[in-house]
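These notes are about the structure you will find just below.
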Amino acid sequence: FYGLKVVDFATHVAAPTVSRILADLGAEVIKVEQPAGDSFRNTFLRFESPRGFGSLFESQNCGKFGLQLDLKTAEAVANLKHLLADADVLVTNIRNESLRKLGLDYESLREEFPSLVYAQVTAWGNKGKDKNLPGYDIGAFWASSGLGVYTNEEGYYSIYPGAFGDLTTGQALLSGVTMALTERLETGRGRKVDASLLHVGAWCMSPYVINCDPNSSAEDFDFSDRPVEAVLDNLYETSEGNFVALGFNGGFADESSAMKEFCKVLGMDTTRCTKRQAEEKTRTFTKRELQEMVSSTKYLTLEDYVSIIEASERQNEFVTLGRSRAFVETPPGYDDAKSMPGVPYEFSCSRHHKPQWRAPYLGEHSEDIVKKGWLTGKDGAAKAPILKDRKLKPLNGVNVLEVTDFQNHHDVCVESAGVVLAENGATVFKLKMENEDDFLATKDPKLNDHLSSCKQFVSLVALDQCLDSIDIIVTDMGKNRLQELGLDFEHLQDAGKEITVIRLVSDLERKEKPISAFSSTFATSGMAAVHAGDPPMTPTRYPEHSLEMVSGLFVCSAACISLYYQKSRGIAQEVFVSYERIGAWLTSLQLVLLNRNQGLLPIISINKRESRPSFLPTYASYKSKDGVWVQLLGLDTKRHLGKTLAALGVKWRTFGNLLFQVFTKVLPNRKEKDVAKKLRPIFATITNSISSRFSELTYDELCGRFAAHEVWFTPLRAPKNLLHYGQVHDNGIILIDSMENVSVTTPVQFQA
């Protein structure tokens with residue numbers, strides 16, 4: 001992206017992560033902040049002093065220049081528009097109402113800056129009655145999509161890797177930005193690109209949403225009918241307290257054989273094996289005993305579960321030994337931040353994609369930017385010199401070949417990426433093997449249609465002719481199989497075909513290891529540890545295919561980045577997207593904090609052996625009298641605690657109890673250096689007070705009280721509840737046809 005100029009007018013994570021990646025890949029990014037600054041600057045800063053801003057803020061804003069503008073003044077708006085005159089991309093998550101007041105909404109800028117790609121993240125979408133609701137990923141992505149309900153046990157619905165939904169949504173927006181830039185090479189015109197947390201969450205849960213009954217009750221908030229937890233591909237505890245990931249290495253046709261192996265290893269009856277029974281059995285073996293038994297099988301694998309502390313230490317080890325780029329070394333000026341998350345892909349065109357300098361202090365480069373404009377002096381990004389009509393869809397004219405390993409059909413990552421590309425205009429050809437049995441069509445026909453209906457099938461016989469028009473190959477197939485088919489990057493280059501090859505691999509150190517989202521993204525990256533808590537308890541694995549749908553957005557963004565590079569430079573390349581690196585990226589906020597201070601573990605990892613989580617009481621979920629789980633959205637406890645307690649009618653009672661805790665437990669323990677341990681009684685008191693009052697009020701009563709006091713909240717939903725949520729229909733997220741077939745649209749939306 002050398003020469004690309006990006007204005008980042010955004011806060012928190014979902015939008016800034018887009019411009020952070022663009023900066024790592026060579027773009028010049030100017031972060032514009034109002035006088036108060038991005039509130040994310042101070043997140044966890046109290047635990048990291050002395051520091052100018054929090055390491056979490058740094059992880060999403062390194063490599064950018066800083067400009068402070070008071071956009072309430074005409075002069076500041078004029079300065080910003082001076083930058084926009086030469087900008088290629090504007091990234092924002094500011095609410096539409098605020099943007100309109102400033103004259104910075106898309107409708108106000110589109111005629112003045114016709115070449116600008118305008119990229120916006122919202123929580124709930126741009127239409128519908130809830131479009132202006134406050135929202136973090138815990139509400140719009142986790143609580144509303146069903147992922148929170150299906151991933152956690154009752155009472156722990158608020159436990160998830162911090163900013164997981166934001167970082168995933170950022171990948172969807174990044175895909176859209178690079179699609180629009182690729183189209184601009186031919187038309188000279190920009191577009192508006194939209195991605196919402198709600199839409200991305202629904203997309204990641206689409207394997208479940210499309211199988212829901214649209215005639216189910218809108219009032220049914222019973223979450224007990226969640227999918228039966230898989231026995232294969234799951235985490236188990238051994239007799240000495242270790243956790244191991246027992247994985248399934250094979251396709252759907254081998255699943256019954258794998259189950260027989262699994263039960264033989266544990267000495268169980270195949271017909272009666274459940275997750276609970278298997279857990280009881282694994283606790284009778286040591287880790288070494290299990291490893292020895294599994295090593296003699298054909299379809300099973302055993303991986304070490306990685307705790308979040310071990311993951312943090314391993315990232316630093318990777319930096320030292322140069323074995324991985326999941327985290328990369330930081331250049332001088334980062335204070336005590338030894339490493340930052342690296343971009344979640346590896347491009348053959350360059351091995352040096354990483355942050356070039358630390359995040360900016362508030363307004364650090366304002367004087368120079370106001371005086372000179374863009375600072376690097378690079379020529380602008382490529383675009384058509386004459387404005388032409390936009391295409392119907394941005395990828396019209398692009399041809400993609402999708403090559404999936406038919407021996408690994410339980411993985412749908414590459415297929416989901418192909419759907420996003422196809423629905424945005426690309427012609428996607430899916431290679432059909434002659435001896436391939438369509439296991440997915442038998443096991444889940446609705447999901448099979450969801451992933452295949454927008455693609456064209458091509459046989460091996462017609463492959464050579466098809467290759468003449470292909471721009472990109474997207475595949476999860478191993479190198480040996482690709483070589484047999486003549487589809488490996490080296491063979492294509494030797495044949496004179498400029499085709500970019502995007503390869504999904506398990507991890508970058510073992511590229512030919514069988515791919516597994518469960519093993520690499522979940523178990524061995526540290527993600528499972530976030531859900532396990534500290535001390536760890538066996539976590540619930542993610543619903544089947546959901547992590548593959550998440551990872552598909554990373555594959556899609558890598559494909560779109562590479563496509564832009566190929567179309568603008570005329571150079572094809574080989575790109576690796578690894579499941580392990582995706583897992584590290586999605587848990588990077590926790591790992592960044594622990595890299596600096598492992599004493600923060602009690603704050604960022606819940607102790608599930610306690611009765612309830614306690615450190616973010618206005619950002620947790622609670623159960624109403626009539627059984628509805630409600631997610632509070634007040635991340636800033638100081639700002640939201642008073643009005644939440646007032647709405648519940650327990651403000652003064654709770655404050656009285658807090659004083660008692662201060663005098664009886666906190667002050668007598670003032671010498672305790674562990675801040676989390678010292679403050680635990682205070683937060684536990686608040687959490688218990690809120691929980692107790694929730695249990696006395698119905699959901700309707702809570703809604704009335706919260707509306708009167710402006711408390712931010714949303715009900716938790718299972719996928720079946722999502723079908724009855726008006727917001728998904730108003731924004732075209734879920735479609736139900738006349739035959740009552742349910743479909744979920746891809747989460748990248750465009751406006752001309």
Side-chain angles (χ1 to χ4, degrees), residues 1 3-41 43 53-54 56-71 76-77 79-95 98-99 102 104-106 109 113 116-122 163 166-167 169-178 180-181 190 192-195 340-341 343 355-366 368-370 373-376 378 380-381 557 561:
F1 288 110
L4 193 77
K5 295 178 171 62
V6 181
V7 172
D8 174 336
F9 183 37
T11 61
H12 292 90
V13 178
T17 193
V18 175
S19 53
R20 150 74 205 277
I21 293 174
L22 293 173
D24 276 17
L25 300 181
E28 178 178 355
V29 180
I30 294 178
K31 183 175 181 65
V32 178
E33 297 176 79
Q34 298 268 41
D38 182 346
S39 61
F40 199 53
R41 282 182 172 275
T43 301
F53 41 75
L56 294 185
F57 173 83
E58 178 135 70
S59 72
Q60 303 307 315
N61 292 282
C62 43
K64 304 176 185 180
F65 297 107
L67 170 63
Q68 180 181 339
L69 291 175
D70 183 357
L71 292 171
V77 172
N79 286 331
L80 179 57
K81 288 190 173 183
H82 179 68
L83 288 176
L84 291 176
D86 293 318
D88 300 291
V89 181
L90 169 65
V91 180
T92 187
N93 66 338
I94 307 300
R95 294 189 202 177
S98 299
L99 290 169
L102 296 170
L104 297 175
D105 57 305
Y106 179 63
L109 297 178
F113 308 108
L116 183 69
V117 174
Y118 190 108
Q120 185 179 30
V121 171
T122 63
D166 290 318
L167 294 165
T169 302
Q171 291 296 311
L173 190 68
L174 179 60
S175 296
V177 167
T178 45
L181 288 171
K192 184 183 182 187
V193 186
D194 286 310
M340 284 288 138
V343 290
Q356 300 304 305
W357 52 81
R358 60 166 171 77
Y361 291 103
L362 179 60
E364 182 175 353
H365 308 98
S366 294
D368 286 340
I369 294 172
V370 170
W374 296 92
L375 298 179
T376 62
K378 297 176 183 177
S557 65
I561 291 168

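Just so it is clear, the values below take in all heavy atoms, side chains as well, and ignore hydrogens, waters and symmetry mates. Bear in mind the structure is a predicted one, so any value in this text is a computation, not a measurement.
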*Just do the side-chain contact (heavy atoms from CB on, under 4.5 Å) check on L71 and F9 with the steps written out, would you?*
CA-CA 11 Å; L71 292 171; F9 183 37; 3.5 Å; yes

*asked:* For a 4.5 angstrom cut-off between non-hydrogen side-chain atoms, does T178 reach F1?
replied: yes

_We want to know whether Q60 and T17 form a side-chain donor-acceptor pair, criterion being a heavy-atom distance below 3.5 angstrom._
yes

*Go through L67 and V370 one step at a time and tell me if the side-chain contact (heavy atoms from CB on, under 4.5 Å) criterion holds.*
CA-CA 8 Å; L67 170 63; V370 170; 4.1 Å; yes

*Grab the two heavy atoms, one from V117 and one from G190, that are nearest each other, plus how far apart they are.*
CG2-CA, 4.1 Å

*Check for a donor-acceptor pair, side chain of D38 on one end and backbone N or O of H12 on the other, with a separation under 3.5 Å.*
yes

_Test salt bridge (Lys or Arg N to Asp or Glu O under 4.0 Å) applied to K192 - qualifying residues, sequence neighbours left out_ = D194

*Do side-chain atoms of H365 reach the backbone of G66 as a donor and acceptor pair under 3.5 angstrom?*
yes

*In Å, rounded to the nearest 0.5 Å, how long is the span from CG of L80 to CD1 of I30?*
9.5 Å

_Is there a side-chain contact between K81 and L109 in this structure, where contact means two heavy atoms from C-beta onward sitting under 4.5 Å apart?_
yes

*Short question: side chain of S175, backbone of S557 - any donor-acceptor pair under 3.5 Å?*
yes

*Search all heavy atoms of A87 against all heavy atoms of L116 and return the closest pair with its distance.*
O-CD1, 3.8 Å

*Taking all atoms of both residues into account, what is the closest heavy-atom pair of L375 and E28, and its distance?*
N-OE2, 2.7 Å

*Do the side chains of Y106 and Q120 get nearer than 4.5 Å, heavy atoms only?*
no

*Mind checking the CG-OG1 spacing from L99 to T92? Nearest 0.5 Å is all I need.*
5.0 Å

*Hey, is the main chain of L56 close enough, under 3.5 Å, to the side chain of S59 for a donor-acceptor pair?*
yes

*Looking at NZ of K5 and CG of L84, how far apart are the two atoms once the value is rounded to the nearest 0.5 Å?*
13.0 Å

*asked:* I need the minimum non-hydrogen distance between Q34 and L102, along with the two atoms involved.
replied: NE2-CD1, 4.2 Å

*Side-chain contact test, heavy atoms from C-beta onward, threshold under 4.5 Å: evaluate it for V177 versus V6 and give yes or no.*
no

*Any sub-3.5 Å donor-acceptor pair from K64's side-chain atoms to D8's backbone N or O?*
no

*For A10 and P16, work out which heavy atoms get closest and say how close.*
CB-CD, 3.8 Å

*Is there a donor-acceptor contact under 3.5 Å linking the side chains of Q68 and S366?*
no

*Nearest 0.5 Å please: distance from the OG atom of S19 over to the CG atom of L173.*
10.0 Å

*Going through the checks in order, is the side-chain contact (heavy atoms from CB on, under 4.5 Å) test met by N61 and R41?*
CA-CA 10 Å; N61 292 282; R41 282 182 172 275; over 6 Å; no

*Okay, side chain of R358, backbone of E58: is any donor-acceptor separation there less than 3.5 Å?*
no

*Distance-minimising heavy-atom pair for A15 and V91*: O-CG1, 3.5 Å

_Please report the interatomic distance CZ(F65) to CH2(W357), rounded to the nearest 0.5 Å._
4.0 Å

*How many angstroms lie between CG in L22 and CG in L174, if you round to the nearest 0.5 Å?*
5.5 Å

*Got a donor-acceptor contact below 3.5 angstrom from the N93 side chain to the T11 backbone?*
yes

*Heavy-atom side-chain proximity of F113 to L90 below 4.5 angstrom*: no

